[in-house]
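One structure is given here, and the rest of the page talks about it.
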Amino acid sequence: MTGILGQLFAIVLALILAPLLTGWVNQCRAWFQNRTAPPLRQQYYMLHKLFHKDVVLAHGASPLFRFAPFLVFGCMVLACGIIPSLSTDLPFAPAADVIALVGVFGLARVFISLAAMDIGTSFGSLGGRREMLVGFLAEPALLMVIFTVAMIAQSTSMTTIVETLAHKEYVIYPSLAFAGIAFTFVSFAENARVPVDNPATHLELTMIHEAMILEYSGRHLALIEWASSLKLYAYSCLGLALFFPWGIAERDNLMALVAAIPLLVFKLAIGGFLLALIETINAKVRIFRVPEFLGTAFLLAVLGLLVRLLLEVRA
Amino acid sequence: MLNPLPTLLPIDALLIAACAWLAVGLAGLVAPRRFIGKFLFSVGALIGFSVGVTALCFLGQPAETAVLAIGLPTLPFHLRLDSLTAVFALLLGLASVGISVYSAGYFRSGEGAAPGLLCFEYHVFLASMLMVLLADDAYAFMVAWEGMALSSFFLVTTNHRDEEIRRAGYLYLLIAHIGAISILLSFGVMTGGAGDYTFAGMRAQQLSPFWASCAFLLALFGFGAKAGLVPVHVWLPEAHPAAPSPVSAMMSGVMLKTAIYGLLRVSFDLLGSPLWWWGVTAMAVGLVTALFGVLYATVQNDMKRLLAYSSIENIGLLAVGIGLAMIFHAFRMEALAALAMTAVLYHCLAHAGFKSLLFLCTGSVLHATGERSLSRLGGLIHRMPWVAWLALAGVISGAGLPPLSGFVSEWLLLQAFLFSPGLPHSWLNMAVPVAAALVALVAALAGFAMVKFFGIIFLGQMRDPALKDAHDAGPWEKAGLVWLTGLTVLLGVMPSTVISAIDAATRQMLGAGLADKVSEHGWWMLAPISPDRASYEPLIFLATIAAVLLLGRWLVVRLYHGRLRRTTPWDCGYVFGGPRAQDTAEGFSQPIRRIFEPMFRMEFRLPSIRDAAPRYGVKVEDHFWHWLYLPLARLVGWISTLVTTLQGGRIAIYLLYSFLTLIVLLLVARP
């Protein structure tokens, strides 16, 4: 019973914290760029406003177009539910291991790309094509990162990975360093962040994610925006769980659970700050340099795996 | 397990089913035309259903054999039904139900061959595939194999008035026979000179590693030619689009699997235990095939060619899985071998479901629009909602995404890769994870190809005004599509049940299975090793997403409102929209062409700047034609010209040859 409650609590916390994390990243970015920062709560205001507005739907939209935002939102909620952010006591966790988690992200990506192609505008299909391009480059790299970690933990189950990594005596794994860098690259690409995409622009040469959702409005847009902050939150928590798993509560440990919340917020704040910093000091690359960027990530991830197999397994 | 026909052995039931299919086919030749379509094909579907049920009930029981009195005087037909056969008979039966029901509504007169002839060829095709699975000696196997090749050749060339289709059929027949010769030689090697052509005799032979390897390589080439492994895949993208859609579905969904069956039968049953480097060979060929297939699938502009290349990719993945199972089996890591083998068998079933479904969908699109080229389709979800939504299930499964069938086999395969370290060869230990990386890349690219397939055909605006008249599939066609969609969903959400059912085949081949481990944790959960190491619960997965979806929708409408207005698309204020402003199929795959440029042979057509009516174009071709097949054809041509110089056409010269030969023989062969 406590398991189910903890699970629901983790999901509700994700729903609440995700827009805050996006707001925090935006605020840090504004500081770095010497702009006046929007308030932290800006994302909530925006969601509230969008939910109030009517949906303005293009004539050619099929039911798939209206169905996709809900599905994408559902996928992201599931992802947040199975990544251990506060505790490893998650009844939903056996539903999907990390490979299935990559599948969840893939499912969401396919649906948002299909929705982008649905109305048949020039921007929509362009965005869908680019999103799938980034996706097929990022997905293998992400899987390789996960393979490296899974080989250390001898498991692909998220909870087992966290329990193994957090509670072993402290060992330095060189392979994890490679995997961590690769994971950072991948999460920039997957979350439409600066070297790959620019979430703050409506310029046809640069946009990927924005191009896909141009035709969305009202509650659909609100759900998509919320889903993309949930995705950022999920990726951040995944990174924390894989590479900084300290402080995540174990089963039946209420005190640790209470202590885990401020720790998570703290870790997320630092992560968001670093994200904004990296975004500010980088320039967006053109779309055909993205394969190089993600190819590097892929190579690093494979290197990490080989390092794991060559150097660490024998020792 | 309860036998549905208590007085009848399952092997007899299957044999009767094969005969019944033949009878239905013969009835098609003589029956009046109005009976053929709906009535005979539905009878065929019923037979298919009984084949599926019989195979399912049989799974796990001891093998049964039978001897038929037909065949050569000293070599009657030996038949045998064991679990490996049963898994593939199950696949054949279940897929054929959907395809036959669909065909009942699909074939109409006036398109190429007469319906009666089609009905005959189609049912001979089905019966011969079943006989391939049942055959227990090389002779029966080859007879059935040739029957399958010939009947499918005639089905491919249904529209024989089209020269392109005739050429595709010729190529198919050619490669099918080169493959058949190779298989025959492989059987010949396996008899070990004992002259016993039964499979039992081959099992008893103790071949030296050299001869066993020869037999394996011949079998890999021969079955690979049928399955579409690189470089003998060239017939596949020609023949699949040429054939009518139900035939493409049958060939891609089922016939390619008979080749996989043959490969499994030879390497895990007849040859005993495989050597590890066979696995490496199969895996390498499979990886090349998978990568090649998926890359070419992404750049196709013909919907059936796209699916054909996607089949090549899936066959490649199957070969990777078989290779992995061989490696593990050779090193006596039975649990992992069983994992990889389960992934292979599961993917066979999954692919039979979703690829047949997708090919049938292209058939409906083809009938509704008369168009195969993606560049002229679009927006069909409005006109053909049934086909579109059912195709979406196939697309998601084909892209290897949860919670449908394609994902389960991909998941199992990746798990098998993941737990590979510990192989006694260090470089093999390195190579296997890199192979896993390539598998991941292939899976991600498959998603790209599938989004292209679905998005360009069914979404967006109609690229051709003629599409306004497109109509949805008829009731028979819908029923067939729904059946296959049901299979895809079931295979997706009930993996443990399915694995327990097909486990007997894994056990038969490897001596180890997954069923005990899998059934420990309840039918909803898939945990092939232990829940701590890896688990996947598709139903909970699906239920969570569905619950959030419905709850979210309810809450949003409840707390806010459900108001909606329709208007013209915004498109960033760009007012010159319209069908021609959206991405074409070529445009959609442009990033792939650009990133993987060396993989393709491309010819661009770029007009000059003064061109009044400029038309851009790109033609993507297969490198293998120019690297392998055309040089080979030139070589054959060159040799035959050399030979023709011997044939002067004058009797005197030929008499001279005979005279000289006689002299030489007299000199050499003295008593």
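Computed from a predicted model, the values in this text were never measured in an experiment. Here is the naming used below: chain letters follow the sequence lines, and residue numbers restart at 1 for every chain. All heavy atoms count here, side chains included; hydrogens, waters and symmetry mates do not.
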Where does [X] contact chain B at under 4.5 Å (heavy atoms): side chain, backbone, both or neither?
{"X": "Ala61(A)", "value": "both"}
{"X": "Leu64(A)", "value": "both"}
{"X": "Leu305(A)", "value": "side chain"}
{"X": "Val56(A)", "value": "both"}
{"X": "Arg109(A)", "value": "neither"}
{"X": "Ala100(A)", "value": "both"}
{"X": "Val104(A)", "value": "both"}
{"X": "Phe65(A)", "value": "neither"}
{"X": "Leu143(A)", "value": "side chain"}
{"X": "Pro94(A)", "value": "both"}

Please identify, among [options], the residue contributing the most non-hydrogen atom pairs under 4.5 Å to chain A.
{"options": "Met462(B), Met525(B), His382(B)", "answer": "His382(B)"}
{"options": "Gly587(B), Ala388(B), Gly400(B)", "answer": "Gly587(B)"}
{"options": "Val442(B), Ile381(B), Val451(B)", "answer": "Val451(B)"}
{"options": "Val548(B), Val434(B), Leu549(B), Leu550(B)", "answer": "Leu549(B)"}
{"options": "Met450(B), Arg594(B), Arg553(B)", "answer": "Arg594(B)"}
{"options": "Thr568(B), Ile545(B), Asp583(B)", "answer": "Asp583(B)"}

Let me know if [X] has heavy atoms under 4.5 Å from chain A in its side chain, its backbone, both or neither.
{"X": "Thr544(B)", "result": "side chain"}
{"X": "Leu539(B)", "result": "neither"}
{"X": "Ile595(B)", "result": "side chain"}

Any chance [atom1] of [X] has more than 12 other-residue heavy atoms, nucleotides or ligands included, within less than 6.0 Å?
{"X": "Trp386(B)", "atom1": "CH2", "answer": "no"}
{"X": "Arg289(A)", "atom1": "CZ", "answer": "no"}
{"X": "Arg376(B)", "atom1": "CZ", "answer": "no"}

When you look at Met117(A) and Phe588(B), which way does the side-chain contact (heavy atoms from CB on, under 4.5 Å) test go after all the steps?
CA-CA 11 Å; Met117(A) 298 172 79; Phe588(B) 196 82; 3.7 Å; yes
Nearest-0.5 Å distance that lies between atom [atom1] in [X] and atom [atom2] in [Y]:
{"X": "Leu133(A)", "Y": "Thr298(B)", "atom1": "CG", "atom2": "OG1", "value": "11.0 Å"}
{"X": "Leu101(A)", "Y": "Tyr536(B)", "atom1": "CG", "atom2": "OH", "value": "12.5 Å"}
{"X": "Leu441(B)", "Y": "Glu139(A)", "atom1": "CG", "atom2": "CD", "value": "9.5 Å"}

Return the option, out of [options], with the maximum number of heavy-atom pairs under 4.5 Å with chain B.
{"options": "Pro140(A), Ser113(A), Ala95(A)", "value": "Ala95(A)"}
{"options": "Gly295(A), Ser125(A), Gly74(A)", "value": "Ser125(A)"}
{"options": "Phe288(A), Phe298(A), Phe73(A)", "value": "Phe288(A)"}

What verdict does the side-chain contact (heavy atoms from CB on, under 4.5 Å) test give for Asp97(A) and Trp411(B), after you've listed the backbone C-alpha separation in whole Å, the side-chain angles of each residue and the deciding distance to 0.1 Å?
CA-CA 10 Å; Asp97(A) 64 344; Trp411(B) 188 84; 2.9 Å; yes
Do [X] and [Y] touch side chain to side chain, with heavy atoms closer than 4.5 Å?
{"X": "Ser122(A)", "Y": "Gln582(B)", "value": "no"}
{"X": "Phe51(A)", "Y": "His561(B)", "value": "no"}
{"X": "Thr156(A)", "Y": "Arg533(B)", "value": "no"}
{"X": "Leu392(B)", "Y": "Phe111(A)", "value": "yes"}
{"X": "Arg565(B)", "Y": "Val55(A)", "value": "no"}

So is Arg219(A) actually on top of Tyr560(B)'s ring, under 6.0 Å and inside 45° of the axis?
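No; the conditions do not both hold, so Arg219(A) does not lie above the ring face of Tyr560(B).
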Looking only at heavy atoms, what is the nearest atom pair of Met430(B) and Leu306(A), with distance?
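Residues Met430(B) and Leu306(A), closest heavy atoms: SD-CD2, 3.7 Å.
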For residues Gly103(A) and Phe407(B), report the shortest heavy-atom separation together with the two atoms involved.
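Reported closest heavy-atom pair: CA-CE1, 4.4 Å.
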side-chain contact (heavy atoms from CB on, under 4.5 Å) assessment of Arg129(A) paired with Gln590(B):
CA-CA 9 Å; Arg129(A) 175 220 296 186; Gln590(B) 181 244 10; 3.3 Å; yes
Stepwise, does the side-chain contact (heavy atoms from CB on, under 4.5 Å) test hold for Leu401(B) with Val110(A)?
CA-CA 9 Å; Leu401(B) 291 173; Val110(A) 161; 3.5 Å; yes
Gln461(B) side chain vs Gly60(A) backbone, donor-acceptor pair below 3.5 Å:
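No; judged by distance alone, with no hydrogens or angles, the pair does not exist.
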Determine yes or no for a side-chain-to-main-chain donor-acceptor pair under 3.5 angstrom, with Arg566(B) supplying the side chain and Ala58(A) the backbone.
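Checked: pair present.
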